[in-house]
Engineer: 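Just passing along the structure, written as structure tokens.
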Amino acid sequence: MTTNPKRPRDPNQLAKSIVDLATGEAEDKKPLASARKGGLKGSKARMEALTPEQRSEIARIAAEARWKKS
């Protein structure tokens, strides 16, 4: 049985969190579907907005950061 790690495992704390959610005293921290859709569109829009040279420069900087020795 898998449980959501964001929910308390203690029955008393779980009951309180359910009551808080039901009465509106606490908010459920699930991401909105609209935010997910926007995130999926973002990379395509960014790709269309940047020139190939700009994308290449961003990729070069990212590669340098990944391979940088500490």
Engineer: In the hydrophobic clustering (ILVMFWY, side-chain contacts below 4.5 Å, transitive), which residues join Leu50, or is it alone?
Structural biologist: Ile58
Engineer: How is the hydrophobic cluster of Leu14 composed, in terms of its other members, when Ile, Leu, Val, Met, Phe, Trp and Tyr link through side-chain heavy atoms under 4.5 Å apart, directly or indirectly?
Structural biologist: Ile18
Engineer: Indicate the atoms forming the closest heavy-atom contact of Gln13 with Pro8, along with that distance.
Structural biologist: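 The answer is CB-CB, 3.6 Å.
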Engineer: Grab the two heavy atoms, one from Arg55 and one from Met47, that are nearest each other, plus how far apart they are.
Structural biologist: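 In terms of heavy atoms, the two residues are closest at NH1-O, 3.1 Å.
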Engineer: State which residues pass side chain to side chain donor-acceptor pair (under 3.5 Å) with Glu64; sequence neighbours excluded, sorted by chain then number.
Structural biologist: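 Glu64 satisfies side chain to side chain donor-acceptor pair (under 3.5 Å) with Arg60 only.
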Engineer: Evaluate the criterion side chain to side chain contact (heavy atoms under 4.5 Å, CB included) for residue pair Glu57 and Glu53; output intermediate values, then yes/no.
Structural biologist: CA-CA 6 Å; Glu57 178 68 15; Glu53 292 81 18; over 6 Å; no
